[in-house]
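Just below is one structure, and these are the notes that go with it.
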Amino acid sequence: MSTETYGAAFAVRWMDGVAAAVEREAGRLTDLDAAIGDADHGANLKRGFAAVAEALAKEPPATPGAVLVTAGGLLIATVGGASGPLYGTLLRRAGKALGEAGEVSRAELADALAAGVAAVGRLGGAVPGDKTMLDALTPAVEALRESFAAARSAAEAGALATVPLRARKGRASYLGERSVGHRDPGATSSVLLFAALEEAAAG
Amino acid sequence: MSTETYGAAFAVRWMDGVAAAVEREAGRLTDLDAAIGDADHGANLKRGFAAVAEALAKEPPATPGAVLVTAGGLLIATVGGASGPLYGTLLRRAGKALGEAGEVSRAELADALAAGVAAVGRLGGAVPGDKTMLDALTPAVEALRESFAAARSAAEAGALATVPLRARKGRASYLGERSVGHRDPGATSSVLLFAALEEAAAG
Amino acid sequence: MLINVPESVVADGLRGLAAAHPELTVDVEQRVVVRRDAPVAGKVALVSGGGSGHEPLHAGFVGPGMLDGACPGEVFTSPVPTQMVRAAAAVDSGAGVLFVVKNYTGDVLNFEMAAELAEDEGIQVAKVLVDDDVAVTDSLYTAGRRGTGATLFVEKIAGAAAEEGAPLERVEALARRVVTRSRSFGVALSACSTPAKGGPTFDLPPGELELGVGIHGEPGRERRGMMTAGEIAEVAVDAVLDDLRPSDPVLLLVNGMGGTPLLELYGFNAEVRRVLDARRVPVARTLVGNYVTSLDMAGCSVTVCAADEELLRLWDAPVATPALRWGR
Amino acid sequence: MLINVPESVVADGLRGLAAAHPELTVDVEQRVVVRRDAPVAGKVALVSGGGSGHEPLHAGFVGPGMLDGACPGEVFTSPVPTQMVRAAAAVDSGAGVLFVVKNYTGDVLNFEMAAELAEDEGIQVAKVLVDDDVAVTDSLYTAGRRGTGATLFVEKIAGAAAEEGAPLERVEALARRVVTRSRSFGVALSACSTPAKGGPTFDLPPGELELGVGIHGEPGRERRGMMTAGEIAEVAVDAVLDDLRPSDPVLLLVNGMGGTPLLELYGFNAEVRRVLDARRVPVARTLVGNYVTSLDMAGCSVTVCAADEELLRLWDAPVATPALRWGR
Ligand SMILES: Nc1ncnc2c1ncn2[C@@H]1O[C@H](COP(=O)(O)OP(=O)(O)O)[C@@H](O)[C@H]1O
Ligand SMILES: Nc1ncnc2c1ncn2[C@@H]1O[C@H](COP(=O)(O)OP(=O)(O)O)[C@@H](O)[C@H]1O
Ligand SMILES: [Mg+2]
Ligand SMILES: [Mg+2]
Ligand SMILES: [Mg+2]
Ligand SMILES: [Mg+2]
């Protein structure tokens, strides 16, 4: 069992990784959103995480918790839409759960993100199976107790599993049956979050 | 030299023939107008000559002159655009020139139509070579002194000769050089007029 | 598209709005539009906002008798809480602020956060949720009905009440009454093109249409082969009347999605009126035009509000905004 | 298209106009729209008309302070003389009628015939020809400049003078002054689709544009690869200013062709203003919107009128029409 710990630099690396991934995948996210939403998910997250990366580069906070709180606040302040408050709450709540600690373990990170995911559920009123980001986030934080790699593949599996679902929350729910057969954009961007986390942890 | 004469029934047959031809060729006229104008020439003439045919069927005037005056007045009252007043004036003026005669010769018809064409020139201010209906009408009435068939082929040649011209009158003139290479819609509809005349004369 | 770069369309639009309308104060940087004379002493203030791409909604409805402030988000993306808080602070005279929120997850969440923040700053905030689109079943299995054309009715009528000096609870209650009495249904004849995507957000072959579309370029509930204006009017009006049997004469909005010519929209209004007449629903007032749009989408929506006498009086009250103006 | 059949679009539009605007008298059969209170005793009357497809022009500008009557023709086809004579007879109070004619061969010929017929009926008629479009060289080799955006300025300003009680010669002289001082330039980002043709009137691949287009779906003077809003503003403003160096502050119309979203149009206004500022041309008033349209064409036009104080005063005077309304 790993006893490695993760500090502020790791958290910044994580956020930078998400920013790079979102930048790279923005077109794909937007196309997914065009199919069952309003074609802005890629642009939304690109704008948000670019602001996060820029702010962290300018003034990197001292603890991983502070990094996530800053990132979450910036997402809320710059993204808008459904994903801004939701991803913003995820990171802010997780950051707050990490407290003042300079270094945290993977288990602590998993607990913190679990608190974040619970907050996302409360805020948006969705549960797993509603074809939202929660379908990737929920299994991913669970698997994070095992390993970073397990978290990433759980997110991937969760995102893939949204394809046959009928959306019950968010914009895709307006389509009713027609939402079936499409992959949820938010669940897909959640995969990028956990892929970047795995990479950041690898150093 | 033919000494045949033509009465009111002939004039009605002529107008009916134009109505049928315009109905058949409306799409082509509109497409020509789309290229260098505003895509309504076919619809305009269809509307106008349909009204003419209907009115003539209801109450056929007693003389060829009266038929043309009625037809011209109806074109003015129903077509609008540039072609309405112009074709309307052509037929009205020609009809007036025929006077009260119950039967007219081809030569008289040619004189009357020449007066009509002159009126069109005065009204619209165009001369042959400006890429308008006059490019077909002018040689056609000239050739009508020879025969109905000659009139039709002169109209055809005149219309074809508009292709390389640069428009100096009407909507196509807005295009300047870009009007070159397109056949004028009004000259093209004038061919239908003389083709129908030839057919009507054939009985 | 008539743009510079996709990233600047909202800011560019606000610069142009400012240039055309000196009677508005436009903060291009912070994306907040308020009437120049805000805050109006003693007056309850109305603030709305939402994604851009629906112009003139909302910034075009800022002015005496309607909104005090508007917050445009990115194209089809709800604005962020800070915008709303800034707008609320700029227009609040102490009499409180009503947030007019269209029912979309993003708008709801961001306005909720803004309300909390504004209350932390000592501003009294009420919220009204507009959810008039009957194409969406309001059930546990959806995010609830979308807010579309009724937003205009709410902003106009509640705005008139606020202008007359009504207190916050009353303005809020009136706004809610308008929502309760309003229903909409929309149809797309083409997809719209967002600047970010650079092309149509979905593929709709000419000659087909989408019934029950929203205003964000999302596909509708059902695709159909081409229908006449009269057939579309029947579907739209009946969808609305299935859900609302007005006993009062109605306010009618025949709204264009942006890309449908006004000539066609008026023709559609004739058909809508024909169907309403056949269903014995009298029309008290009609507004025809592009008011709640979806960029360049071809299509239309029908909104009906069963207006009692008070609502009708407030509808007729003076209004002076860039997009809606009468009585002064 | 949101229509029943191509043949009835104009009549359907008029039925819908009548349903929405009880303050207008609409003769659907004869295609004549006049203000309900016509003829207004002692007032000079303004009548305009032209092809349909440019809505709200002209019927949307009928009302106090602007037109007394309008005659819509078929789509993109000038109306016929009988319509104009009927309209003139319906609005003439004995003070005479001004025909506002856009310079197109069809409009000119039909209005000319109408003027003769109306004078035969004892109506005093004056005519003003609007020819503001600098994309067309005014020479022996063309039908002369087209009438586009300046028509709105003429109808508003001459209409205000007539409403104030000015006699016919003065209303006519003012109209002519507006024409002399106005210039326009238009750009298409897409072709428009006419109901009769059922599809685009010309082929313009996305990413290309036509400079110097008219409002009848005719191609422009030149095709170009895509330009930014800023570049288009430079071309349009410079084309206008090449021909008219205003010494007075200008009235500015930033007009949409119908299919361009209002968001983009406002962004374009920002660029137009930037260019005018750089050329040191002060802007007194700005109107942004879809006023002189070309069905669903994407694109825009810029119209500038060098407004002296009197023109500006008349521009600001009250107007109450379906599409332009202020001051009352
Ligand atoms: N109520 C909700 N709970 C959790 N996630 C949601 C909810 N509503 C939407 N989402 C997620 O947000 C994603 C859409 O984000 P985005 O496109 O940025 O916002 P918007 O829908 O406002 O345009 C969806 O794909 C979905 O995963
Ligand atoms: N001044 C003119 N003199 C003679 N013919 C003209 C003139 N202007 C236009 N035309 C003819 O009218 C035709 C166009 O008719 P039509 O499309 O029905 O009217 P509009 O141009 O008003 O749309 C042109 O092709 C041309 O032949
Ligand atoms: Mg989205
Ligand atoms: Mg034409
Ligand atoms: Mg969105
Ligand atoms: Mg025409």
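Because only heavy atoms are used, hydrogens play no part in the values below, and waters and symmetry mates are left out as well, while side chains stay in. In what follows, every chain begins at residue 1, and chains take the letters A, B, ... in the order their sequences are listed. Owing to the predicted nature of the structure, the values given are computational and were not obtained by experimental measurement.
No donor-acceptor distance shorter than 3.5 angstrom exists from the side chain of Asp296(C) to the backbone of Ala298(D), with no hydrogens or angles considered. Judged purely by atom type and a 3.5 angstrom limit, Asn269(D) uses its side chain to pair as donor or acceptor with the backbone of Gly16(C).
The shortest non-hydrogen separation linking Gly13(C) to Tyr266(D) is O-CB, 3.5 Å. Across all their heavy atoms, Val288(C) and Ala20(D) have their closest contact at CG2-CB, 3.8 Å.
Between the CG atom of Leu57(D) and the CG atom of Leu262(C) there is a distance of 11.0 Å, given to the nearest 0.5 Å. To the nearest 0.5 Å, atom CD1 of residue Ile3(C) and atom CG of residue Leu189(D) are 10.0 Å apart. The CE atom of Met1(C) lies 10.0 Å from the OG1 atom of Thr260(D); values are rounded to the nearest 0.5 Å. Separation of atoms CG (Leu2(C)) and CE (Met227(D)) is listed at 10.5 Å; rounding is to 0.5 Å. The distance from the CZ atom of Arg273(D) to the CZ atom of Arg15(C) is 11.5 Å, given to the nearest 0.5 Å. Here the CD atom belonging to Glu55(C) is positioned 11.0 Å from the CG atom belonging to Leu265(D), to the nearest 0.5 angstrom.
In this structure, the portion of Ile232(C) lying under 4.5 Å from any heavy atom of chain D is its side chain and not its backbone. Contacts between Val272(C) and chain D at a heavy-atom distance below 4.5 Å are absent for every atom of the residue. In this structure, the portion of His21(D) lying under 4.5 Å from any heavy atom of chain C is its side chain and not its backbone. If you measure heavy-atom distances from Glu271(D) to chain C, the contacts under 4.5 Å come from the side chain alone. Within the 4.5 angstrom heavy-atom criterion, only side-chain atoms of Cys300(D), from C-beta onward, approach chain C. Neither the backbone nor the side chain of Pro22(D) has a heavy atom closer than 4.5 Å to any heavy atom of chain C. At a 4.5 Å heavy-atom cutoff, Val5(D) makes no contact with chain C through either its backbone or its side chain.
Chain D forms more heavy-atom pairs under 4.5 Å with one residue of Thr228(C), Leu287(C), Asn4(C) than with any other, namely Asn4(C). Among the candidates Ala229(C), Gly259(C), Ser294(C), the residue making the largest number of heavy-atom pairs closer than 4.5 Å to chain D is Ala229(C).
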Run Asp12(C) and Leu263(D) through side-chain contact (heavy atoms from CB on, under 4.5 Å) and show every step you take.
CA-CA 9 Å; Asp12(C) 290 347; Leu263(D) 175 64; over 6 Å; no
